Amino acid sequence: MPGCEQHAARLAARLAPRAVIHAELREFPDGEIYVRVDGHAADAVIVSSLRAQDFLPLAFVAGGARDAGARRIGLIAPYLGYLRHDAAFRDGEAITARHFARLVSSTVDWLATVDPHLHRLGSLSEVYTIPTAVARAAPAIAQYLKTHYRDVVVVGPDAESAQWVQAVAEQCGAPSIILAKTRRGDRDVSVTLPPPEILRGRTPIIVDDIISTGRTMIEATKVVRAAGGEPPVCIAIHPVFADAAVEALRSAGARAVISCNTLNHSTNQICVADALAEAAMSLHQHDDDHHDQRG
Ligand code: R5P
């Protein structure tokens, strides 16, 4: 899909497909989408991150691929959106995580993604009805940290981040601390102060799965600095960056802002293609076995 060319090329180098096809998409003057998939394969894999605006183009490309003879379509989505609203907090609220999963499950046959935002959901299979596989960014983040920094402490800005923070800290052999976040609105959050002693003599590395408005990272950066910590390195698995958050983070005292390449962004420094290809292969292989059994 447009915007995913680099990822498709990196994954193709690992998955060795027969061909890499660049789907052609353009907008008509009224905003409707023109789609052309120039090529055909019984077994197709679409590479597309799924932010809010990406689903309809994906559905049309999958439709085009099926029109051209695809019997099986896998989706490699480095970023899988619509997982944060996984419960109704007020009467009448749509649980969009569930509804989005239903749409994606009716469009493709399997899904591989990187660290989906699972908070109240135990696994993707609670909402997705197709086979799914999850690639972990923690090994690539830990490798990056071991190469570039010494004596780090890994900081999680909220309870949900514990799953990523603890994995990164363990793989770096570093201590970690999880802070508590209160969110009062989309851009109104506060984070508790970390104990100063854990920060002493170490470079704080704040790790979260998503940076959207940046408010969570900004507040975490401020409290780390307020507790006497060194300027922290802020790492996001998914650089959504809904607002101009990079400058705001630097102004708040961040030493560096770094992300994994699940979405294209100027902060991309950590490549998750290996883990993603491995996750995709596990499903592809599984599907092959399944087909073989059915003869
Ligand atoms: C939510 O729990 C996520 O893990 C992130 O902390 C959140 O999406 C970040 O959003 P923002 O950058 O808007 O504070």
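Computation of the quantities below employed the complete heavy-atom set of this structure, encompassing side-chain atoms and omitting hydrogens, waters and symmetry-equivalent molecules. Since this is a predicted model, take the numbers as computed values, not measurements. Counting starts at 1 for both ligands and their atoms, following the listed order.
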Checklist outcome for this item: shortest atom 2 (O) of ligand 1-to-protein heavy-atom contact is with E160 OE2, 2.7 Å
Checklist outcome for this item: Short version for T213: what comes under 4.0 Å of ligand 1, heavy atoms counted, is both
Checklist entry - Hey, does W110 have a side-chain heavy atom less than 4.5 Å from the side chain of L75? => result no
Item to check | Nearest-contact summary for atom 4 (O) of ligand 1 - protein heavy atom, Å | outcome: D209 OD1, 2.6 Å
Item to check | ligand 1 versus H238: contacting region, heavy-atom distance under 4.0 Å | outcome: neither
Checklist outcome for this item: What one should report as the nearest heavy-atom pair of V37 and V61 is CG2-O, 3.8 Å
Checklist entry - At the 4.0 Å heavy-atom cut-off, does M217 count as touching ligand 1? => result no
Checklist entry - Is it true that R187 lies under 4.0 Å from ligand 1, counting heavy atoms only? => result no
Item to check | Enumerated ligand 1 atoms positioned under 4.0 Å from heavy atoms of I211 | outcome: 12 (O)
Item to check | For atom 14 (O) of ligand 1, the protein heavy atom that lies nearest, with its residue and separation | outcome: T216 OG1, 2.6 Å
Checklist entry - Looking only at protein heavy atoms, which one is nearest to atom 8 (O) of ligand 1, and how far off is it? => result R84 NH1, 3.1 Å
Checklist entry - Under 4.0 Å from any heavy atom of R183, which atoms of ligand 1 are there? => result 7 (C), 9 (C), 10 (O), 11 (P), 13 (O), 14 (O)
Next on the checklist: With nothing but distance in play, are any N or O atoms of W164 less than 3.5 Å from an N or O of ligand 1?
Outcome noted: no
Checklist entry - Has R26 got its NZ or CZ under 6.0 Å from the middle of the six-membered ring of F28, at an angle within 45 degrees of the ring axis? => result yes
Checklist entry - Would V189 count as a contact of ligand 1 if the rule is a heavy atom under 4.0 Å away? => result no
Checklist entry - Going by atom types only, do T203 and R150 share a side-chain donor-acceptor pair under 3.5 Å? => result no
Checklist entry - If you count the atoms of ligand 1 from 1 in the order shown, which ones are under 4.0 Å from a heavy atom of I210? => result 5 (C), 7 (C), 8 (O), 9 (C)
Checklist entry - Looking at side-chain heavy atoms only, is the closest gap between H40 and I21 below 4.5 Å? => result no
Item to check | Closest heavy-atom pair and its distance - A87, H85 | outcome: O-CD2, 3.1 Å
Item to check | Under 4.0 Å to a heavy atom of H117 - the qualifying atoms of ligand 1, by number | outcome: 1 (C), 2 (O), 3 (C), 4 (O)
Item to check | Check: H238 side chain, V114 main-chain N or O, donor-acceptor pair, under 3.5 Å | outcome: yes
Item to check | D209/R84 ion pair, N-O < 4.0 Å | outcome: no
Next on the checklist: Within the supplied structure, the quantity of interest is the number of heavy atoms (other residues, nucleotides, ligands) at a distance under 6.0 Å from R66 CZ; does it exceed 12?
Outcome noted: yes
Checklist entry - Do S190 and K181 get their side chains close enough for a donor-acceptor pair, meaning under 3.5 Å? => result no
Checklist outcome for this item: Contact region, D158 to ligand 1, non-hydrogen atoms below 4.0 Å, reads side chain
Item to check | 4.0 Å heavy-atom contact, G214 with ligand 1 | outcome: yes
Checklist outcome for this item: protein heavy-atom neighbour closest to atom 5 (C) of ligand 1 works out as D208 OD2, 3.3 Å
Checklist outcome for this item: Short version for H119: what comes under 4.0 Å of ligand 1, heavy atoms counted, is neither
Checklist entry - Should the pair R187-D243 be classified as a salt bridge under the 4.0 Å nitrogen-to-oxygen rule? => result yes
